[in-house]
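Written out below as structure tokens is the structure these notes cover.
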Amino acid sequence: MDTSVQVADLADTGEVLAAEIRAKRLQYFLKGRRDYLELSQEDIAARLDINARTYGNWERGTLKEWTDEKLYLLAEALEMSQFQTTRLFLYAVGRAPQPDLRAMFNRSEAEDQATSAFLGDYSVMMNALSLPTFVIDQRWDVKMANEAYRDLFRGVGAHPTAMPSTNFLRFGLFHPDAPAVLVDHLKWQLAMLAQLASGLERHGDDPGLQAIRRDVYLHPSLRDAYLTDMPNWVLGSGADLVHHEGAVRALRHPDPKVGLQGCRLVEETPRSLKALGLIRLTLVLVEPDDACIPERCGSGDRHAA
């Protein structure tokens with residue numbers, strides 16, 4: 001057989017296998033999210049205003065032509081965060097969601113003034129909340145934070161590039177004081193490295209995210225975690241990692257009356273912030289359990305910077 005034909009046959013076979021793997025990942029992903037929400041296929045179908053058989057085909061990955069509109073509707077029906085929506089697009093169509101370019105053009109002075117007024121009012125609202133909450137952009141630069149957030153990190157020492165008031169990923173990955181607050185530091189770091197990888201999949205040309213990755217590569221233990229431990233953790237944890245709002249990790253508040261807490265990171269972003277390319281995250285403090293407290297389960301922290 002002609003060599004060129006063999007190469008073409010191998011390429012075709014590779015494309016078929018890649019499509020099958022993507023469909024299987026999509027199937028596990030959608031079912032994992034639905035199970036996490038404790039909903040049936042009929043429940044999701046009703047949210048999408050389609051019949052249960054049609055949704056069953058979607059979940060099995062048999063739909064051949066996904067559109068952005070269908071994927072966004074599916075993400076909304078399954079209550080997905082931005083991180084989860086990116087995964088949905090990667091599994092369904094092999095790419096991250098395309099940015100909404102409409103807000104980047106033809107902004108009038110009145111719209112800019114209205115945006116400034118909205119952000120000012122939103123900051124006031126955030127400061128009225130008792131839980132630590134903050135607003136980030138795509139590179140995890142902290143754009144707004146409330147008093148409870150600032151109070152949580154009041155004992156953190158100065159650092160030229162990794163202050164929690166500047167960039168949350170950099171703080172968790174590189175600041176030497178991070179383990180004092182983010183108690184089970186290895187779990188926090190693995191989750192942050194997963195967020196970094198997801199951000200680079202979506203915004204690969206972002207210089208801020210690229211700079212964080214370069215700094216990760218300069219730390220041997222972090223580099224190994226990023227290249228090996230984190231991908232294995234993602235595969236092993238499945239839906240529990242991807243649907244990260246369910247994960248509870250240990251956190252120590254500097255106020256001794258609060259002290260050691262479990263912490264669930266919850267995304268709750270209104271449309272007005274999403275239109276500006278911003279995300280709001282809240283650190284929900286809950287009663288700790290033995291599973292998330294390293295002192296009680298003997299877990300180590302070999303990736304601390």
Side-chain angles (χ1 to χ4, degrees), residues 67-90 95-154 156 161-172 192 195-213 244-245 264-284:
T67 65
D68 284 17
E69 181 180 6
K70 285 181 180 177
L71 290 171
Y72 277 122
L73 288 172
L74 185 56
E76 184 176 357
L78 288 166
E79 302 175 24
M80 292 185 182
S81 67
Q82 183 183 29
F83 174 76
Q84 295 155 4
T85 302
T86 297
R87 287 288 170 191
L88 173 64
F89 270 75
L90 290 172
R95 61 167 173 80
Q98 299 302 302
D100 185 355
L101 301 180
R102 291 172 295 177
M104 298 175 59
F105 301 100
N106 301 322
R107 290 182 61 87
S108 69
E109 184 177 349
E111 288 174 323
D112 290 336
Q113 291 176 348
T115 297
S116 296
F118 163 74
L119 292 176
D121 293 342
Y122 199 80
S123 178
V124 172
M125 184 276 296
M126 286 174 55
N127 273 319
L129 301 177
S130 60
L131 290 172
T133 187
F134 58 110
V135 173
I136 59 171
D137 63 11
Q138 66 188 33
R139 64 186 63 172
W140 288 71
D141 284 347
V142 177
K143 298 301 183 181
M144 286 192 289
N146 69 350
E147 187 64 31
Y149 179 88
R150 293 188 289 270
D151 188 52
L152 175 62
F153 298 106
R154 68 189 182 202
V156 170
T161 62
M163 293 302 292
S165 59
T166 304
N167 185 287
F168 191 70
L169 281 189
R170 281 192 169 277
F171 168 72
M192 290 178 175
Q195 293 289 355
L196 173 61
S198 176
L200 285 165
E201 288 176 348
R202 184 180 173 90
H203 309 286
D205 295 331
D206 187 289
L209 293 173
Q210 291 175 349
I212 296 174
R213 181 172 57 187
H244 57 89
E245 294 90 341
R264 179 177 288 112
L265 189 66
V266 175
E267 178 189 331
E268 42 183 358
T269 308
R271 292 182 179 179
S272 299
L273 280 184
K274 286 184 178 180
L276 298 171
L278 301 175
I279 301 169
R280 178 180 155 207
L281 300 172
T282 298
L283 300 170
V284 178

Separation of [Y] [atom2] from [X] [atom1] (nearest 0.5 Å):
X	Y	atom1	atom2	value
Thr115	Leu119	OG1	CG	6.5 Å
Arg150	Ser165	CZ	OG	9.5 Å
Gln138	Arg202	CD	CZ	8.0 Å
Met126	Asp121	CE	CG	13.0 Å
Leu152	Phe134	CG	CZ	9.5 Å
Ser198	Leu209	OG	CG	10.0 Å

| query | Yes or no on side-chain contact (heavy atoms from CB on, under 4.5 Å) for Val135 and Tyr149, after CA distance, side-chain angles and deciding distance? | reply | CA-CA 11 Å; Val135 173; Tyr149 179 88; over 6 Å; no
Looking at [X] and [Y], what are the two nearest heavy atoms and their distance?
X	Y	answer
Leu169	Asn167	N-OD1, 3.1 Å
Ser130	Ala148	O-CB, 3.3 Å
Ala145	Val142	CB-CG1, 4.2 Å
Arg170	Ala162	O-CB, 3.4 Å
Leu200	Gln210	CD2-N, 4.1 Å

| field | Set of residues satisfying salt bridge (charged side-chain N to carboxylate O under 4.0 Å, His left out) with respect to Lys143, sequence neighbours excluded | value | Asp137
| task | Under the side chain to side chain contact (heavy atoms under 4.5 Å, CB included) rule, collect the residues that match up with Thr85, sequence neighbours excluded. | result | Tyr72, Ala75, Met80, Phe89, Pro97
| request: Check the pair Glu79, Gln84 against side-chain contact (heavy atoms from CB on, under 4.5 Å), reporting the backbone distance first and the verdict last. | output: CA-CA 9 Å; Glu79 302 175 24; Gln84 295 155 4; over 6 Å; no
| field | Val266: which of Val284, Leu283, Leu131 passes side chain to side chain contact (heavy atoms under 4.5 Å, CB included) | value | Val284
| Modelled atom types, side-chain donor and acceptor of Asn127 and Asn146, under 3.5 Å | no
| field | Pairwise side-chain hydrogen bond (donor to acceptor under 3.5 Å, both in side chains) hits with a residue in residues 270-283, at least two apart | value | Tyr122-Arg280, Thr133-Arg280, Thr133-Thr282, Glu268-Arg280, Glu268-Thr282
| message | Please determine whether side-chain contact (heavy atoms from CB on, under 4.5 Å) holds for the pair Phe168 and Leu281, giving the CA-CA distance in whole Å, both sets of side-chain angles, and the decisive distance to 0.1 Å. | response | CA-CA 11 Å; Phe168 191 70; Leu281 300 172; 5.7 Å; no
